[in-house]
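Quick caveat, the model's predicted, so the values are computed rather than measured. Positions are given from 1, in the same order as the sequence printed here.
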Amino acid sequence: MTRRLSPVGLEFIESAALRLVFAREMSAPPEAVYRALADDVMGWPTWFAAVTRCRPTDGGKGREVLLKGGTRFRETILAADEPARYAYRVDETNAPGPRALVEEWRLSPAGTGTRVRWTFAAEGALAFRLSMRIGRAGLGRAFRDAVTTLDRRLTDTRA
């Protein structure tokens with residue numbers, strides 16, 4: 001069953017009841033990381049293990065994402081500020097619990113590489129918020145693994 005979520009904006013990233021923030025440094029430059037996030041949407045499954053399919057929709061203004069286990073998202077891109085920020089809002093999902101969800105990827109120079117900060121901002125039922133807090137370590141591990149794999153992929157491409 002698909003459920004519509006609240007059409008929140010970028011301000012939700014700071015005001016959400018649940019905010020999980022993860023950061024990691026990569027050796028690839030911000031421009032290359034940004035291109036992998038925003039321009040090569042279909043490439044996400046090659047570096048983010050939880051993602052089995054990702055494709056652009058609405059002429060690049062949105063995305064459809066399928067995760068392992070069958071969770072689906074239909075998203076709207078809220079910010080595509082090259083090379084510093086990529087953010088999207090989940091508009092529809094089959095996942096139980098969330099009422100609003102925005103993810104933001106912030107990229108900043110770190111020497112010759114990039115500091116990546118991923119913010120997962122959400123609002124939902126109490127059970128959803130508790131499960132996300134309990135699952136924080138797993139989300140953090142998925143983020144670290146994804147960024148490490150992406151960095152390896154981007155670094156191998158540059159060599």
Side-chain angles (χ1 to χ4, degrees), residues 1-28 30 33-34 36-38 40-41 43-55 62-81 83-110 113-155:
M1 176 168 111
T2 300
R3 298 177 35 252
R4 286 215 45 82
L5 276 58
S6 297
V8 295
L10 288 171
E11 72 286 346
F12 183 73
I13 296 164
E14 298 302 324
S15 65
L18 174 69
R19 292 181 72 247
L20 303 176
V21 181
F22 307 95
R24 189 155 181 95
E25 289 195 8
M26 299 174 62
S27 58
V33 178
Y34 180 87
L37 290 171
D40 186 18
V41 170
W44 278 55
T46 65
W47 56 270
F48 208 125
V51 177
T52 61
R53 186 177 67 218
C54 189
R55 69 178 192 88
R63 307 181 335 157
E64 282 184 354
V65 179
L66 179 63
L67 302 181
K68 286 183 179 174
T71 301
R72 294 184 313 276
F73 300 109
R74 185 161 181 86
E75 304 168 339
T76 296
I77 308 301
L78 298 176
D81 306 325
R85 176 169 69 163
Y86 185 63
Y88 43 88
R89 171 187 66 226
V90 174
D91 296 317
E92 296 177 4
T93 185
N94 63 343
R99 288 192 287 265
L101 192 134
V102 173
E103 294 180 41
E104 177 188 56
W105 296 77
R106 286 274 188 175
L107 311 175
S108 56
T114 305
R115 181 174 194 275
V116 180
R117 187 182 78 199
W118 176 48
T119 301
F120 180 94
E123 177 58 59
L126 178 61
F128 169 75
R129 292 193 317 268
L130 289 174
S131 69
M132 293 310 300
R133 286 193 175 102
I134 291 168
R136 181 182 186 5
L139 270 177
R141 188 171 33 262
F143 167 76
R144 283 189 310 276
D145 292 349
V147 169
T148 299
T149 302
L150 177 59
D151 196 30
R152 193 174 306 120
R153 184 174 180 237
L154 294 174
T155 302

Set of side-chain contact (heavy atoms from CB on, under 4.5 Å) partners for L126, sequence neighbours left out: R129, L130

Mind jotting down which residue pairs meet the side chain to side chain donor-acceptor pair (under 3.5 Å) criterion with at least one end in residues 130-144? Sequence neighbours excluded, please. none

Are T76 and D91 close enough, and set up right, to give a side chain to side chain donor-acceptor pair (under 3.5 Å), and what steps lead you there? CA-CA 7 Å; T76 296; D91 296 317; 2.3 Å; yes

Show, in sequence, the C-alpha distance, side-chain angles and deciding distance for W44 and T46, and conclude whether the side chain to side chain contact (heavy atoms under 4.5 Å, CB included) test is met. CA-CA 5 Å; W44 278 55; T46 65; over 6 Å; no

Approximate separation, where rounding is to 0.5 Å, of R72 CZ and R53 CZ: 9.0 Å

Do any N or O atoms from the side chain of T71 and from the backbone of L67 form a donor-acceptor pair under 3.5 angstrom? no

Determine, for E14 against R19, whether the closest basic-nitrogen to carboxylate-oxygen distance falls under 4.0 angstrom. yes

At their closest point, which heavy atom of L107 faces which heavy atom of V33, and how far apart are they? CD2-CG1, 3.7 Å

Inter-residue atom distance L78.CG - E103.CD, 0.5 Å rounding: 11.0 Å

Gap separating the CG atom of N94 from the OG1 atom of T2, nearest 0.5 angstrom: 6.0 Å

Note, R153 side chain near T148 side chain (heavy atom, < 4.5 Å): no

Can you find a side-chain donor-acceptor pair between S27 and D151 that sits under 3.5 Å? yes

Judged by atom type as modelled, is there a donor-acceptor pair below 3.5 Å linking the side chain of W118 to the main-chain atoms of E104? no

Are side-chain heavy atoms of T93 and L5 found at a separation under 4.5 Å? yes

Measuring from E123:CD to R99:CZ, what's the distance to the nearest 0.5 Å? 5.0 Å

Could you walk me through whether L101 and F120 pass the side chain to side chain contact (heavy atoms under 4.5 Å, CB included) check? CA-CA 7 Å; L101 192 134; F120 180 94; 3.3 Å; yes

Show the numbers, then the answer: is there a side chain to side chain contact (heavy atoms under 4.5 Å, CB included) between R117 and T119? CA-CA 7 Å; R117 187 182 78 199; T119 301; 4.0 Å; yes

Residues A84 and Y34: closest non-hydrogen pair is N-CD1, 4.5 Å

For the residue pair F143 and W105, does the interplanar ring angle fall in the parallel (under 30°), tilted (30 to 60°) or perpendicular (over 60°) class? tilted

Once rounded to the nearest 0.5 Å, what's the spacing between atom CD of E75 and atom CZ of R63? 4.5 Å

Expected output: side-chain R3 to main-chain A95 donor-acceptor under 3.5 Å: yes

P30 and T114: which non-hydrogen atoms are nearest, and at how many Å? N-OG1, 2.8 Å

Is D81 salt-bridged to R106, going by a charged N under 4.0 Å from an acidic O? no

Nearest heavy-atom contact between A49 and K68 is O-CE, 3.0 Å

Would you sort out whether V51 and L66 count as a side chain to side chain contact (heavy atoms under 4.5 Å, CB included), showing the intermediate values? CA-CA 6 Å; V51 177; L66 179 63; over 6 Å; no

